[in-house]
Amino acid sequence: MNIVLIGIQGSGKGTLVSSLEKHLDLNVISTGQLLRDEVATGSALGKHIKEIQMNGGLVELDIVMDVLNKKLKSNNKKITVFDGFPRNMEQANALDKLAKPDIVIYLNLTKEVAVDRILSRLTCSKCGQIYNTKRINTLVCPNCGGKLEQRFDDTIESINKRFEGFYKDTYPLIDKYKKDNVLFEVDASGTPDQVAETCLRIINEHNN
Ligand code: AMP
């Protein structure tokens with residue numbers, strides 16, 4: 001089963017993935033994280049990717065497909081979750097050929113709440129777990145002891161550029177997936193537990 005998560009930056013896709021992983025055996029393909037992993041190697045490709053990410057732009061399709069395909073090939077799980085892919089119609093068409101989505105969850109959240117969440121977001125440099133500075137008072141990950149830090153691309157300039165890209169290129173996918181009869185819209189303004197519970201119900205109803 002292939003699940004796609006769509007939502008504005010800050011809508012809680014990464015947090016939702018962590019919650020779902022506690023209940024389901026998942027192969028998670030987070031293109032943003034896979035690209036950041038390449039940045040962390042310090043390679044020439046990583047430097048190129050970092051520059052694009054800092055500006056909030058989209059990394060070239062061939063590079064994204066390369067990291068995505070590598071992760072997909074090493075998969076032996078029944079459920080795959082795509083977080084951050086597809087981001088436009090070209091990528092959606094590529095995904096249809098590779099792994100047609102069975103469920104697309106649209107995490108609906110206002111831009112104002114999303115900005116607030118992004119600016120108070122801390123990510124563990126070791127395990128990738130996401131926290132909110134309003135709910136945690138340490139820079140040590142309670143999950144693994146790793147260092148909690150702000151994402152290098154969570155600057156106001158990059159955030160605004162990513163929002164622009166979302167409404168222009170990603171938002172139209174909602175119509176496509178509605179027509180494909182696979183779209184589920186979820187109110188993402190609730191607590192992480194509330195959002196996860198709603199999404200788990202949707203997934204379990206379709207996972208028989
Ligand atoms: P995210 O972790 O989803 O917020 O993505 C962080 C950054 O990684 C984005 O701003 C893009 O620069 C890049 N990125 C992530 N996913 C994609 C994708 N599907 N296509 C192109 N670039 C991507």
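We number each residue from 1, following the sequence as shown. Read the numbers this way: they start at 1 and go in the same order the structure lists the ligands and their atoms.
Contact annotation for Leu58 and ligand 1: heavy atoms of both the backbone and the side chain come within less than 4.0 Å of the ligand. The residue Leu61 has no part lying near ligand 1, judged by heavy-atom distances below 4.0 Å.
Looking at Asn108 and Glu185, their side chains do bring a donor and an acceptor atom within 3.5 Å of each other. Looking at Glu164 and Asn160, their side chains never bring a donor and an acceptor atom within 3.5 Å of each other.
Nearest non-hydrogen protein atom to atom 12 (O) of ligand 1 is Gly57 O, 2.5 Å. Regarding atom 23 (C) of ligand 1, its nearest protein heavy-atom neighbour is Leu35 CD1, 3.8 Å.
Contact check on Lys134 versus Asp116 returns a salt bridge, with a Lys/Arg side-chain nitrogen under 4.0 Å from an Asp/Glu carboxylate oxygen. Salt bridge present: Asp154 and Arg162 bring a charged side-chain N and a carboxylate O closer than 4.0 Å.
Residue Arg87 holds the heavy atom nearest to atom 17 (C) of ligand 1 of all those in Gln91, Lys13, Arg87. Considering only non-hydrogen atoms, atom 8 (O) of ligand 1 lies nearest to Gln53 out of Gln53, Met65, Arg36. For atom 6 (C) of ligand 1, the choice among Arg151, Arg162, Lys161 with the nearest heavy atom turns out to be Arg151.
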Residue pair Ile6, Leu107: steps toward the side chain to side chain contact (heavy atoms under 4.5 Å, CB included) verdict
CA-CA 6 Å; Ile6 289 186; Leu107 293 177; over 6 Å; no

What do the steps show when you test Leu35 against Val39 for side chain to side chain contact (heavy atoms under 4.5 Å, CB included), and what is the final call?
CA-CA 6 Å; Leu35 293 166; Val39 170; 5.7 Å; no

Decide side chain to side chain donor-acceptor pair (under 3.5 Å) for Ser43 and Glu38; before the verdict, give the C-alpha distance in whole Å, the side-chain angles of both, and the deciding distance to 0.1 Å.
CA-CA 7 Å; Ser43 68; Glu38 184 61 42; 2.7 Å; yes

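The shortest N or O to N or O distance between Gly84 and ligand 1 is below 3.5 Å. Remark: ligand 1 and Ile52 share no N or O pair separated by less than 3.5 Å (distance only, no angle test). Backbone and side-chain nitrogen or oxygen atoms of Val59 are examined, and one is located within less than 3.5 angstrom of a nitrogen or oxygen of ligand 1.
Residue-ligand proximity: Glu60 is placed with every non-hydrogen atom at 4.0 Å or more from ligand 1.
The main-chain N or O of Lys71 is found under 3.5 Å from a side-chain atom of Ser74 such that the two form a donor-acceptor pair.
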